[in-house]
Amino acid sequence: MGSSPHTMNGGDAKYSYSVHSTNQRESADLSTRTLVAAIVENLDIDAQSPATNSFRIADLGCSTGPNTFFAINNIIEAVAQKYQLVKGHSAHLPEIQVYFSDLGSNDFNHLFANLPQDRRYFAAAVPGSFHGRLFPKASLDFAYSQYALQWLSKVPPETLDSSSPAFNKGRIMHEKSAIEVVQAFSDQYAKDMQCFFDARAQELAPGGLLLMLIPGRPGATLPAQHSNYPRLEPLESILSDMVNEGLIGGEKFDSFNLPIYSPSVEELRKIIENSECFDVLRLETQPERQNPFYPEGTRAGFEKILTEHFGSEIIEPLFDRYSKKVQGRSPVNSRDGFLVGLFVLLKRRP
């Protein structure tokens with residue numbers, strides 16, 4: 001099994017993503033002011049089609065909320081500011097349609113049961129992978145993705161092939177692995193993002209904006225220098241211990257890799273330029289923040305993919321050990337080799 005894309009824990013139970021996604025929200029909050037200012041500066045409301053009399057927004061990788069609701073509210077506030085700036089305070093916003101999109105296994109029932117009562121938009125769900133087309137041509141004015149684009153469409157198959165130089169034996173991550181493994185993940189990310197940009201280029205109207213918050217690496221640094229490794233290494237270590245104790249089969253362990261990759265600024269810039277469909281308006285790192293070890297959040301994000309591969313019987317002992325292993329550890333930041341947040345704003349070329 002190559003570990004295919006998956007969704008977060010649904011519902012509002014003890015280990016649900018809706019309860020334990022504050023870390024992602026706090027990271028996004030660092031860019032709220034930048035997000036609003038960037039939209040006000042760069043949104044071309046004259047490019048909106050008068051025939052539709054609507055403004056259409058998609059959140060790609062929305063998960064189960066509530067973070068998506070905060071993000072959509074900030075985007076709409078920025079759009080309202082731009083309309084007032086251009087058309088005056090008496091200007092009326094067009095009708096706003098918001099599409100919440102994620103994989104079909106996402107808990108959309110929970111998401112829609114918790115839609116804000118005072119929302120200023122019409123809401124619809126669009127299930128499917130953001131690595132392919134989701135909407136008709138030129139049907140979106142604004143596309144947004146928040147801490148979802150680190151997920152690959154699949155684990156590079158060569159990293160699971162014992163005859164390949166890129167075989168990632170005894171590891172669930174690539175950052176500290178052989179250069180062949182790292183290159184395989186980098187290549188897969190480039191392919192996936194090319195598909196992502198090709199799809200968005202079709203779906204966004206000319207002049208439409210694409211805003212992404214992505215966990216990444218500063219400058220042209222390597223995965224070994226900045227990664228999610230400080231947070232996930234304890235998980236990998238515990239799984240290895242469970243193999244040695246006979247609780248997990250060795251082949252089962254070797255056939256599992258996490259399908260995630262975080263690009264450097266320059267790596268992402270090159271992929272965007274190769275797409276030839278977007279102008280780069282902003283590509284920068286977000287303000288530094290401390291990232292505490294958060295066992296419940298790690299479980300909310302990775303329990304489903306671990307259960308699908310290893311079975312449910314290991315989950316409780318695995319995360320019990322993880323909680324004990326990270327207890328008392330100090331928060332990490334980029335100086336400790338952790339990731340940084342990337343703020344990316346693109347404009348669809350005519």
Side-chain angles (χ1 to χ4, degrees), residues 3-29 54-76 95-136 139-140 142-154 196 199-200 203 211-213 258-260 294-313 315-316 319:
S3 307
S4 58
H6 77 296
T7 51
M8 311 294 103
N9 280 351
D12 57 3
K14 184 177 181 180
Y15 298 114
S16 65
Y17 186 75
S18 64
V19 173
H20 296 294
S21 56
T22 53
N23 191 47
Q24 289 84 348
R25 181 186 172 187
E26 288 172 2
S27 294
D29 284 348
S54 65
F55 190 88
R56 302 149 299 178
I57 303 168
D59 185 355
L60 307 171
C62 63
S63 195
T64 59
N67 292 353
T68 185
F69 303 140
F70 295 121
I72 293 299
N73 186 64
N74 290 333
I75 293 167
I76 293 174
E95 292 187 323
I96 295 176
Q97 173 71 58
V98 176
Y99 300 102
F100 295 97
S101 182
D102 211 312
L103 297 173
S105 55
N106 186 56
D107 191 351
F108 285 106
N109 286 336
H110 180 80
L111 179 73
F112 278 81
N114 290 278
L115 279 170
Q117 294 298 310
D118 59 348
R119 63 186 181 277
R120 295 181 286 172
Y121 53 86
F122 297 95
V126 179
S129 168
F130 51 46
H131 292 119
R133 285 284 302 276
L134 292 164
F135 304 95
S139 63
L140 297 177
F142 192 96
Y144 177 76
S145 187
Q146 173 177 295
Y147 299 110
L149 285 169
Q150 71 273 23
W151 289 101
L152 302 174
S153 65
K154 64 180 180 179
F196 176 87
R200 303 298 83 77
E203 297 163 351
L211 198 157
M212 301 166 287
L213 303 181
L258 288 172
I260 53 178
Y294 187 15
E296 295 86 357
T298 301
R299 179 166 179 171
F302 294 101
E303 179 173 356
K304 287 181 74 173
I305 195 171
L306 290 165
T307 299
E308 288 168 8
H309 187 82
F310 294 106
S312 59
E313 62 275 5
I315 295 302
E316 289 301 331
F319 282 102

Before giving the answer on side chain to side chain contact (heavy atoms under 4.5 Å, CB included), spell out for Leu306 and Phe319 the whole-Å C-alpha distance, their side-chain angles and the decisive distance to 0.1 Å.
-> CA-CA 11 Å; Leu306 290 165; Phe319 282 102; 3.8 Å; yes
Contacts of type ring-ring contact (aromatic ring centres under 6.0 Å, His included), residue Phe135, not counting sequence neighbours = Tyr99
Got a sec, which residues hit ring-ring contact (aromatic ring centres under 6.0 Å, His included) with Phe108, two or more places apart in sequence or on another chain?
-> none
One should read off an interatomic distance between Leu211 CG and Tyr144 OH, to the nearest 0.5 angstrom, of 6.5 Å
Check the angle between the aromatic planes of Phe142 and Phe55 and answer parallel, tilted or perpendicular using the 30° and 60° thresholds.
-> tilted
Electrostatic pair Arg56:Glu95 at N-O distance under 4.0 angstrom | no
For Asp59, the side-chain hydrogen bond (donor to acceptor under 3.5 Å, both in side chains) test, sequence neighbours excluded, returns Thr68
Non-hydrogen side-chain atoms of Asn67 and Gln146 separated by less than 4.5 Å | yes
Side chains of Ser153 and His131: does their closest heavy-atom pair fall under 4.5 Å?
-> yes
So, do Phe69 and Leu111 sit near enough that their side-chain heavy atoms are less than 4.5 Å apart?
-> yes
Can you check side chain to side chain contact (heavy atoms under 4.5 Å, CB included) on Tyr121 and Ile72, steps first, answer last?
-> CA-CA 9 Å; Tyr121 53 86; Ile72 293 299; 3.8 Å; yes
Leu140 side chain reached by Arg200 side chain, heavy atoms, under 4.5 Å = no
Could you pull out the closest heavy-atom pair between Gly104 and Pro127, with the gap in Å?
-> CA-CB, 3.9 Å
What are the two closest non-hydrogen atoms of Arg120 and Ile76, and how far apart are they?
-> NH2-CG2, 3.5 Å
Residues forming a salt bridge (Lys or Arg N to Asp or Glu O under 4.0 Å) with Arg133, sequence neighbours excluded | Glu203
For the student: nearest non-hydrogen atoms of Leu115 and Arg119, plus distance = CB-NH1, 3.7 Å
Can you check whether Met212's main-chain N or O pairs, donor with acceptor, with Ser145's side chain at less than 3.5 Å?
-> no
Which heavy atom of Ser101 sits nearest a heavy atom of Leu134, and at what distance?
-> OG-CD1, 3.4 Å
Rounded to the nearest 0.5 angstrom, the CD-OG distance for Gln97 and Ser139 is 10.5 Å
Closest heavy-atom pair and its distance - Ala148, Leu60 | CB-O, 4.1 Å
Are any of the side-chain heavy atoms of Pro116 and Asn73 separated by less than 4.5 Å?
-> no
Heavy atoms of Ala124 and Phe112 approach each other most closely as C-CZ, 3.5 Å
Evaluate whether atom CZ of Phe122 has more than 12 neighbouring non-hydrogen atoms of other residues, nucleotides or ligands under 6.0 angstrom away.
-> no
Which residues pass the ring-ring contact (aromatic ring centres under 6.0 Å, His included) test with Phe302, sequence neighbours left out?
-> Trp151
Check: Asn106 and Cys62 side chains under 4.5 Å, non-hydrogen atoms = yes
Can you check side chain to side chain contact (heavy atoms under 4.5 Å, CB included) on Ser54 and Ile96, steps first, answer last?
-> CA-CA 6 Å; Ser54 65; Ile96 295 176; over 6 Å; no
Taking only residues two or more places apart in sequence or in another chain, which ones pass ring-ring contact (aromatic ring centres under 6.0 Å, His included) with Phe130?
-> Phe196
